[in-house]
Structures are given as structure tokens and as C-alpha cells.
Amino acid sequence: MEQDSKKMEFGRYEKRLLLLLLFSAIPNCFSAFQFFFTHHTPDFYCLSIVNSGALDDVSAMTYGHSNNRSDQKQNACQFKNSSANIATHSSSNNDTETLVRCDSFRFEGDVDTVISKFQLVCDKAWIKPMMTSMYLGGKMFGGIFGGYVSDRFGRRFGFLFFTAMQFITSFITSFSPNIPVYATILFFSGMTAFANFEITAVIGSEIVTYEKRGLNYFCCEMGFAIGYVILSLLNYLFTSWRWFLVFSGLIGFIYIPYYWLIDETPSWLLATGQRDKAEKVLQKIAKYNGRSIDVNAQISLIEKQQSKKTSASTIWSTFVQLSKEWSLIIRLLVVIFSWCITSLTYYVTTLNNDTLSGNRYLNVFYGSLTEVLAGFIFYFLVSRLGRRKCYMGFMIIASIAVITIPFLEKWNGTFAMVTTMLAKLSVAVAYCVIFLFTQELFPTNIRTSVLALSSAVSRVGSIMSPFVIYANENGYALAASIGIAVVVFISALSYLSLPETTKAKLPQTIEEAKNLGR
């Protein structure tokens, strides 16, 4: 397949397609990281203190902060009241002071977020990570559902449908009247966003040559990174979470021309018996590239590549195929574990801006720069150093960085922020590596299933990440950091059991997969 694919050209049409896919991935980041703005916790204080008359001077009250620690939060969530007429939650013998929990809060600044709108602090603070997990759970379901829609109705239909739904769900979310409605729409928002990105990568990989598939993923990743940079600016410009989501929905009008610019992939058309349509697409590609081709020869080439794949590429068939080979079972477990840990660490280091010192807008901007840098590091180092060395090296760096962050926070907040960005950069590079590495470790007939299974399981890690951040915000930073650092280091060491695939031919059979690296 590798030799045959070299006969296919990488011309003007393919270059234009990759640019279109890069541009389409930009707003995907607006959905993925909307929580930088919508779930930000502004500085707040207990409004009940003023209402009860327990304190006349508002300036003397203790505030709760967006990057506060548990003791500060406790002071903002309850207060001592000497009034005998106020109901108490605790009492002592003949003690005139009682401990009263706040039931209303005032948020500082002109920033309106979901947290300030629905007062999700103190006793309701647990709802914040729960809502983020709802979104990430939607991404897990979207990976499965998006793959089905793409296989059943076509890559083009799936891309256009989920792209449109990504903007529509963002727009609808802005009108959420309460938390249940908001959380429900958030789930569908996560589902459409991930399905859109997943199908974007598939469209490029099925049209460009094999040698350019790394470039295809690089373009998708860079589009996401550029969106990250733009998001840091939007985070500064918008003061209302509703208007931010309205903007994220309305920019979908820019992508209406994609209805005419994106074609169905010839591979899917031939796989579903639509030979005439496949011929028209191939002729259109040839015309745009300014050359004449033998359409029948191109179709024969594609069909030859497809003939090497089995139709029963399901998660169940993956287990059936691998159950006979212990070496491949161990390889699969190592890969799945690395996907889960990488996803967990990536979202923990990305979504914890509220716990970092310094300007939160700049923190988001610095995070976006690390995403851009990670894409370039992946593209230029993964072939030179090898997949295995890249993953192990960057994950070990991430492990060391994560475990030192709690100590640096007590010493110097700036160094803690820089170390957090280093951890995020390392994990982002590792994320790119495993996406490519996973496809090279398993035979053709189960390659897609393994990738889908790994991606789905990785969402378990991402769903857990908001609760790790929540624990960090409530005084358990050291325990959370040690736990993450340990599992990251174990994941890095586990890659010693995997073969290097940088210069290896893609395995077509179980036997070839077993012999990788020998």
C-alpha cells in the first residue's frame, strides 16, 4: 500500500483541501475550551453578611478568589454572626456567636459567567466540574456516533452536519435559563465538536497520499492551535458568557461555502458502490490539479488498498483478533492506558487557569502558544527521534513538571505558571505522538477499531480531569499532583515494551504486527 500510494499525486487540490481543513478546525477550539470564559469564577463575597446586618463595612469582609485556597473559600462561604435571631447551623453552650452559611453572593468585576449567573460557589461548587464532565462525556459519545454517521452517510455529510451542529449548539447554549438545560445542551455541544474534528482528520487522510497523512494531522492540529490563540483574545474582549456563545455560533455563517468546497472522498464512494460519483470526484481533482489521469487506474489503486481491509472493523472484532496473541493484548493495554493518562493530564493542565497566579487572560494566551509550539515540535521531531522516544521523553518531562508545581506555587507563582505550561507543552506533543503511533502498531484489519477504542477510553481520563482540578482548588493540590505524576511516569515507562515504528512498514497482518521491531 505504501508503494502504491506514491503513485498518487499531492497537487493543488490536496493542498487547498488541507488549508480548508485547517481553517475549519479553528472554531473547534472555541467549543472545546469555552470553559476558560464561561466557567471562570470571579472574586466574590458573601452577600448574606450585609443582608443580616452582621457587618456594616463591606470592605472589611473576606473575599473568595478565582485562584483561592480552601481557607479563603471557607471564609467567603460562611461567617460568624452574633445576632440571636438568625438561624444557625452550629451552636455552642451560651455562645453568642454562631456560624452561618452564606445563601447569596456578590461577584466582583464586570465579567458575567455561568458561575456568577447561577451562583455556583461554596455548596454548589461541585456543579462546575460536573458540567465540564458532561461536555467531555459528550465528546466520548460523539466519537462513536460521529464514526457511525460518517461510515453510514458519508464523510462529506458527516463533516457538514456536525460542523453546522457545532455552531447551532453554541448559539442555543447562550439562551440556557437554568443549569439542567445548560448541562444538557453542553453534552450535545461536546458530541458535535469532537465528531467534527474526527471526521475532518478522516477526510484529509483518505484523499492525500500516505506520505502526507502526517501533514494532514498537523494541519488539523494547527487549526485547533490557531483557534486557541484567537480564543485568548475573545476571552479578553467578551464580558458576558452569553454573548461569547452567541458569537461562537454566528461565525458558522463563514463556513457556508464549505457546502460547495468539500467533496466526498473517492474511497468512501467506492466502498459504498458509488463508482460513477467516485469517477466524477477524481476527474474534478485531476482538472483542478491541471493534469489528465487514467480514472480507471486510480479507482483500481484505491480498490486495491481497500481490499486489504476487512469489513468487520468493530470494537468486538478487535478483541476477537487480539485474544489469540498475548503480545498484542499487552500492546493494546499499554496504548489504551497511555491514551487515558495523556487525556487526563492534558485537560488538567489546560483547564486549570483559575488556579494559576497572574493575569488569567495572559495565562490562556500562554497556553495557546504552547499548543502551537507542540504542533511544530511533533512535526519536526517525531520522525527524527522516533515515536517511542518522543512519547517517553515528553511524558517524563511532564511528570517532573506536574509534581513540582505545588511546591513552586508556595515559593513563586510565576515559576509555577511556567512549569504548568511546560507540562502542558509536553503532554500536547505526547498526544500528537500517540495518535500517529497507535495506527502503526496494529494490523490493517483492526487498525481503525483500535484507534476508535483508544480514543473512546481516553475520554474517561478527560471526564475525570475537572474533579482533579476541583480537588486541587480545595486544598489537595499536592496529593493530586503526586497521583498524576506517578501514573504519567508509569505510562512513559510502559512504552519500553512497544516496538519503534518510525521506519517500519505498516503491518497488514497479525504476524507482521507481532514482528514489528524484530
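Fair warning: this is a prediction, and the values are worked out from it, not measured in the lab. One-based numbering along the sequence shown.
Side chains of I127 and M131 form a contact here, defined as non-hydrogen atoms less than 4.5 Å apart. Looking at I199 and V149, their side chains never come closer than 4.5 Å, going by heavy atoms from C-beta outward. Residues F159 and I203 meet the side-chain proximity criterion, which asks for heavy atoms closer than 4.5 Å. In this structure the side chain of Y135 reaches within 4.5 angstrom of the side chain of S189, judged on heavy atoms. Residues F35 and L186 form a side-chain contact, since some pair of their non-hydrogen atoms from C-beta on lies under 4.5 Å apart. The side-chain heavy atoms of V111 and F37, taken from C-beta on, include a pair separated by under 4.5 Å. Contact annotation: the side chain of D112 approaches that of K117 to within less than 4.5 Å [non-hydrogen atoms, C-beta and beyond].
Taking the six-membered ring where tryptophan is involved, the planes of F224 and Y228 are perpendicular, since the angle between them exceeds 60° and thus also 30°. Below 30°, between 30° and 60°, or above 60°: for F238 and F244 the angle between ring planes is above 60°, a perpendicular geometry. Taking the six-membered ring where the residue is Trp, F33 and F36 present tilted rings, their angle falling between 30° and 60°.
Close placement of the Y255 and F167 rings is indicated, their centers lying within 6.0 Å of each other.
A distance of 13.5 Å separates CG of L231 from CD1 of I226, quoted to the nearest 0.5 Å. Atom CE of M130 and atom CD1 of I179 lie 12.0 Å apart (nearest 0.5 Å). Once rounded to the nearest 0.5 Å, the distance linking OG of S426 with OH of Y431 reads 15.5 Å. In this structure, CZ on F162 lies 11.5 Å from OG1 on T200, to the nearest 0.5 angstrom. The line from CD1 of I185 to CD1 of I168 is 12.5 Å long, rounded to the nearest 0.5 Å.
Within 6.0 Å of CZ on F188 lie no more than 12 heavy atoms contributed by other residues, nucleotides or ligands. Within a 6.0 Å sphere centred on CZ of F337, heavy atoms belonging to other residues, nucleotides or ligands number more than 12.
Of the N and O atoms on the side chains of Y366 and S232, not one donor lies less than 3.5 Å from an acceptor on the other residue.
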Tabulate below the donor-acceptor pairs under 3.5 Å that side-chain atoms of residues 19-26 make, not counting sequence neighbours, or state none.
| residue | atom | partner | partner atom | Å |
| --- | --- | --- | --- | --- |
| S24 | OG | L21 | O | 2.7 |

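Judged by distance alone, with hydrogens and angles left aside, the side-chain atoms of S343 form a donor-acceptor pair with the main-chain N or O of S458 at under 3.5 Å.
Under the 6.0 Å distance and 45° angle rule, R156 counts as a cation-pi partner of Y259.
The side chain to side chain contact (heavy atoms under 4.5 Å, CB included) test applied to A485 returns S399, V402, I403, not counting sequence neighbours. Residues satisfying the side-chain hydrogen bond (donor to acceptor under 3.5 Å, both in side chains) test with Y182, not counting sequence neighbours, are H39. In this view, W339 and T438 satisfy the side-chain hydrogen bond (donor to acceptor under 3.5 Å, both in side chains) rule, not counting sequence neighbours.
Here side chain to side chain donor-acceptor pair (under 3.5 Å) pairs that include residues 162-174, with residues two or more places apart or in two chains, are N28-Q166, T163-N196. Here salt bridge (Lys or Arg N to Asp or Glu O under 4.0 Å) pairs that include residues 250-264, with residues two or more places apart or in two chains, are D263-K284.
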